[in-house]
Amino acid sequence: MRAVYIIPGYLENTKMKAYQDLMQVFRRKKVRPIPVDIRWKYKTMSDYVGEFLAYALENPHAQASVFGFSFGGMIALLAAKYIKPQRLYIASLSPYFREDIKHLREADRKALGKRRIEDFKKFSFQPVARTINCPVVFMVGEYEPDLIFKRVTEANAKIKKSKLIVIKGARHDFADQRYNKNIVELISRSK
């Protein structure tokens, strides 16, 4: 049976209604959703990727895809070279690769903290993009912050087997009905 790992956004979990709706769509498509709840507090992106990889390697699925929102999307991209997914669904990719750090506002730097910022500098997007060999569907809300919109469009341009879908009227909020409903419909229609 095909499967999909579901990685939520920062400080979110897969018990939230929006993720439950998404998992229901995958079930209807005969794809087993595998919720991956990350322990967010006091950790860095390296920790998050390590946590996901440990879980995925302990619970391997030969025909697995990965869905990730925001931080979850970044985790999915960074882990892809190790788990070799069939497909990636990346919604609102976080703009925290080495190349993005210089563009962060001071308020964002403060909210993320020095340890996370230093850890983000380990991850350059170019080498990551070269390791992605599966189809990727990038999704982004029409009214996302500029830095997220830029990161997603650049990622789409750099990854060979990718496509970009802009969700009209949506912001950076997976629980927003416009965002969630459109992603649910998109995945319902996908092969």
Could you see if Ile117 belongs to whatever hydrophobic cluster contains Ile75? Use Ile, Leu, Val, Met, Phe, Trp, Tyr and a side-chain cutoff under 4.5 Å.
yes
Checking Arg27 now: which residues fulfil side-chain contact (heavy atoms from CB on, under 4.5 Å) with it, not counting sequence neighbours?
Met23, Gln24, Pro33
For Thr131 and Val128, the nearest pair of non-hydrogen atoms, with its separation, is OG1-O, 2.7 Å
Consider only side-chain heavy atoms of I, L, V, M, F, W and Y, link residues closer than 4.5 Å, and tell whether Val136 and Phe71 are in one cluster.
yes
CZ/Arg28: more than 12 non-hydrogen atoms of other groups inside 6.0 Å:
yes
Among the clusters formed by ILVMFWY side chains lying less than 4.5 Å apart, do Ile7 and Tyr89 turn up in the same one?
no
Mind checking what makes ring-ring contact (aromatic ring centres under 6.0 Å, His included) contact with Phe67, not counting sequence neighbours?
Phe174
How long is the straight-line distance from OG1 of Thr153 back to CD of Glu144, given to the nearest 0.5 Å?
11.0 Å
Output yes when a side-chain donor or acceptor of Gln20 lies under 3.5 Å from a complementary backbone atom of Thr14, and no otherwise.
yes
Let me confirm one number: the CD1-CD1 distance from Ile165 to Ile183, rounded to the nearest 0.5 Å.
9.0 Å
Is Ile90 reachable from Val25 through a run of I, L, V, M, F, W or Y residues, each pair having side-chain heavy atoms under 4.5 Å apart?
no
Under the salt bridge (charged side-chain N to carboxylate O under 4.0 Å, His left out) rule, what pairs show up with a residue in residues 122-137, not counting sequence neighbours?
Asp119-Lys122
Residue pair Tyr48, Arg116: steps toward the side chain to side chain donor-acceptor pair (under 3.5 Å) verdict
CA-CA 11 Å; Tyr48 306 144; Arg116 279 196 194 101; 3.2 Å; yes
Looking at Lys161 and Asn133, would you say the former's side chain and the latter's main chain have a donor-acceptor pair under 3.5 Å?
yes
In terms of hydrophobic clustering (I, L, V, M, F, W, Y; side-chain heavy atoms under 4.5 Å; direct or indirect links), are Leu11 and Tyr19 co-clustered?
no
Supply the atom-to-atom distance His103 NE2 to Asp108 CG, rounded to the nearest 0.5 angstrom.
13.0 Å
Approximate separation, where rounding is to 0.5 Å, of Leu147 CG and Arg105 CZ
9.5 Å
Are side-chain heavy atoms of Val152 and Val166 found at a separation under 4.5 Å?
no
Qualifying residues under salt bridge (charged side-chain N to carboxylate O under 4.0 Å, His left out), relative to Glu185, sequence neighbours excluded
Lys181
With sequence neighbours left out, the residues meeting salt bridge (charged side-chain N to carboxylate O under 4.0 Å, His left out) with Lys150 are Glu154
What verdict does the salt bridge (Lys or Arg N to Asp or Glu O under 4.0 Å) test give for Asp176 and Arg178, after you've listed the backbone C-alpha separation in whole Å, the side-chain angles of each residue and the deciding distance to 0.1 Å?
CA-CA 6 Å; Asp176 179 317; Arg178 288 170 295 211; 2.9 Å; yes
Taking only residues two or more places apart in sequence or in another chain, which ones pass salt bridge (charged side-chain N to carboxylate O under 4.0 Å, His left out) with Lys121?
Glu118
For Asn13 and Pro8, which heavy atoms make the closest approach, and how far apart are they?
CA-CG, 3.9 Å
Applying side-chain contact (heavy atoms from CB on, under 4.5 Å), can you list everything that pairs with Arg32, at least two apart in sequence or on another chain?
Met1, Ala3, Ile34, His61
Which heavy atom of Glu51 sits nearest to which heavy atom of Asp37, and what is that distance?
OE2-O, 3.6 Å
Just jot down the side-chain contact (heavy atoms from CB on, under 4.5 Å) partners of Asp100, sequence neighbours excluded, or say none.
Pro95, Phe97, Arg151
When rounded to the nearest 0.5 angstrom, what distance separates CG in Leu112 from CG in Leu104?
6.5 Å
Minimal heavy-atom distance between Ile148 and Leu93, with the atoms involved, is CG2-O, 3.7 Å
Please assess Ser70 against Ser94 for the test side chain to side chain donor-acceptor pair (under 3.5 Å), listing each intermediate value before the final yes or no.
CA-CA 5 Å; Ser70 194; Ser94 286; 3.1 Å; yes
Using the ring-ring contact (aromatic ring centres under 6.0 Å, His included) criterion, which residues pair with Phe149? Sequence neighbours excluded.
none
Can you tell me how far apart CZ (Arg98) and CZ (Phe123) are? Round to the nearest 0.5 Å.
10.0 Å
Working for side chain to side chain contact (heavy atoms under 4.5 Å, CB included), residues Ser92 and Met139
CA-CA 6 Å; Ser92 298; Met139 296 156 276; over 6 Å; no
Contacts of type salt bridge (charged side-chain N to carboxylate O under 4.0 Å, His left out), residue Asp47, not counting sequence neighbours:
none
Report all side-chain donor-acceptor pairs from residues 53-60 shorter than 3.5 Å, counting only partners two or more places apart or in another chain.
from	atom 1	to	atom 2	distance (Å)
Asn59	ND2	Tyr55	O	2.9

Looking only at heavy atoms, what is the nearest atom pair of Ala175 and Ala18, with distance?
CA-CB, 3.9 Å
Can you check whether Tyr10 and Tyr96 have ring centres sitting under 6.0 Å from each other?
no
Heavy-atom closest pair (Ser162 atom, Phe138 atom, distance to 0.1 Å) is CB-CE1, 3.8 Å
Where the side chain of Glu142 meets the backbone of Ile167, is there a donor-acceptor pair that is under 3.5 Å apart?
no
Are the side chain of Arg109 and the backbone N or O of Ile101 linked by a donor-acceptor pair below 3.5 Å?
yes
May I have the step-by-step check of side chain to side chain contact (heavy atoms under 4.5 Å, CB included) for Leu88 and Val137, ending in yes or no?
CA-CA 6 Å; Leu88 290 169; Val137 178; over 6 Å; no
Gln86: partners by side-chain contact (heavy atoms from CB on, under 4.5 Å), with sequence neighbours left out
Arg2, Gln63, Ser65
